[in-house]
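Taking it in order: structure first as structure tokens, then the write-up.
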Protein chains: 2
Amino acid sequence: MSDRPLQEPTLLLLTALADEPRHGYGLIQEIDAISQGRVRMRTGTLYGALDRLLQQGLIRVEREEVVDGRARKVYALAEAGRSTLAAETERLRAVVAEAERRMAARRAPAARPKGALA
Amino acid sequence: MSDRPLQEPTLLLLTALADEPRHGYGLIQEIDAISQGRVRMRTGTLYGALDRLLQQGLIRVEREEVVDGRARKVYALAEAGRSTLAAETERLRAVVAEAERRMAARRAPAARPKGALA
DNA sequence: ACAACATATGCCGGTCACCTATATATATAG
DNA sequence: CTATATATATAGGTGACCGGCATATGTTGT
């Protein structure tokens, strides 16, 4: 259980589970949709991450089912995962806000904005 | 030059350079301040990242100076770094918004009475 | 009939960002 | 004279992620 910041594939995984439980392959498609096609999660990343998140208690196996002859495991966000996701989004929002503030407060070549930290 | 998403230490590094140029050790302190003491960047991470970002053209060495007998290298955000940071924050904002939307739109496991708070 | 693709799960080997620890050197505080 | 702060840098190890592969069924196209 490391409190290191989540990497983005993991963050997207938890995000994809935030509204309702999904199975592995469905998560790949959902993440593809969330990121507007920019992130195509690989199965190696997915199932490795699912194992890890299960072990960390951030997600759990909701149920197993068979649809059209294909076996599925449906994963759900655990309470720990929900609070982790909430904390992570809160933290990221702060970082994003700070980055944007600094880009706007950029030290101009001629003019000096006041009130900046030393 | 990978278009893989920046990890957070790297994001904080670019953020710390967004308003004005700074030297290595100053970046550690600045990142400590930005993150309210939550991220204590190690020198191994810092100088490795600086080398990598220099090679990627995201930052550049603004100047070298000697203050109180100690040599410094002052790094500045290059144009490529500035646009990368802008794109990254934009993307992260979208992910954060989506995560929060989904947490709010959560399909509850069991319906609660309307008067009860979660 | 057969090829190609989508659905679906899972493992293996490699890369690389990050971390821990260490080394070096000067200035200041106790 | 020892510890702490400032300042840069490297070495070694860990682990998340990625590319590729394997397996199996259902669907669509030719």
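Quick note on labels: first sequence line is chain A, next is B, and so on, each numbered from 1.
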message = Restricting to salt bridge (Lys or Arg N to Asp or Glu O under 4.0 Å), what partner residues turn up for A:E30, sequence neighbours left out?
response = A:R22, B:R102
task = Would you please name every residue forming a side chain to side chain donor-acceptor pair (under 3.5 Å) with A:Q36, sequence neighbours left out?
result = A:R38
Partner set under salt bridge (Lys or Arg N to Asp or Glu O under 4.0 Å) for B:E90, not counting sequence neighbours = B:R93
key: Gap between atom CG of A:L14 and atom CD1 of A:I59 - 0.5 Å precision   = 7.5 Å
query = Separation of B:L6 atom CG from D:dA16 atom C1', in whole Å?
reply = 16 Å
Considering only distance and modelled atom types, tabulate donor-acceptor pairs under 3.5 Å from the side chains of residues 78-88 of chain B, sequence neighbours left out.
| residue | atom | partner | partner atom | Å |
| --- | --- | --- | --- | --- |
| B:R82 | NH1 | B:A18 | O | 3.4 |
| B:S83 | OG | B:E79 | O | 3.3 |
| B:S83 | OG | B:A80 | O | 3.0 |
| B:T84 | OG1 | B:A80 | O | 2.8 |
| B:E88 | OE1 | B:R91 | NH2 | 3.3 |
| B:E88 | OE2 | B:L6 | N | 2.9 |
| B:E88 | OE2 | B:R91 | NH2 | 2.6 |

Nearest-nucleotide 5' precedence on DNA chain D, B:V74 against A:Q7 = B:V74
message = Let's see if you get this right: which residues in residues 38-48 of chain B place a heavy atom under 4.0 Å from DNA chain C?
response = B:R42, B:T43, B:G44, B:T45
message = Test: salt bridge (Lys or Arg N to Asp or Glu O under 4.0 Å). Region: residues 39-58 of chain B. Which pairs qualify, not counting sequence neighbours?
response = B:D32-B:R40
query = Does the pair A:Y75 and A:L13 meet the rule for a side chain to side chain contact (heavy atoms under 4.5 Å, CB included), with working shown?
reply = CA-CA 11 Å; A:Y75 300 90; A:L13 242 177; over 6 Å; no
inquiry  = Using whole Å, what does the distance between atom P of nucleotide C:dC18 and atom CG of B:L11 come to?
reply    = 10 Å
ask   = Between D:dA16 and B:R4, is there an OP1 or OP2 to side-chain N/O distance shorter than 4.0 Å?
value = no
task = For residues A:L54 and A:V61, report the shortest heavy-atom separation together with the two atoms involved.
result = CD2-N, 3.9 Å
ask   = Once you round to the nearest 0.5 Å, how far does OG1 of B:T43 lie from OH of B:Y25?
value = 10.0 Å
ask   = Going through the distances and angles, do B:T15 and B:I31 end up as a side chain to side chain contact (heavy atoms under 4.5 Å, CB included)?
value = CA-CA 8 Å; B:T15 298; B:I31 286 170; over 6 Å; no
task = For A:D51 and C:dC12, give me the distance from atom CG to atom P, rounded to whole Å.
result = 12 Å
inquiry  = For the backbone of A:M41 and the side chain of A:T45, can you confirm whether one donor and one acceptor N or O come within less than 3.5 Å of each other?
reply    = no
A:E8 CD - C:dC18 P separation (whole Å) = 13 Å
inquiry  = Below 4.0 angstrom, which residues in residues 20-36 of chain A have at least one non-hydrogen atom near DNA chain C?
reply    = A:H23, A:G24, A:Y25, A:Q29
message = For residues 53-67 of chain B, which residue pairs pass the salt bridge (Lys or Arg N to Asp or Glu O under 4.0 Å) check, not counting sequence neighbours?
response = B:R60-B:E62, B:R63-B:E65, B:E65-B:R72
ask   = How would nucleotides 25-30 of chain C be written as a contact map, 5' to 3', with B for base contact, S for sugar-phosphate-only contact and - for no contact, using protein heavy atoms under 4.0 Å?
value = -BS---
request  = With sequence neighbours excluded, tell me which residues meet salt bridge (Lys or Arg N to Asp or Glu O under 4.0 Å) with B:R70.
outcome  = none
Check: protein-nucleotides 1-4 of chain C nitrogen or oxygen pairs below 3.5 Å:
none

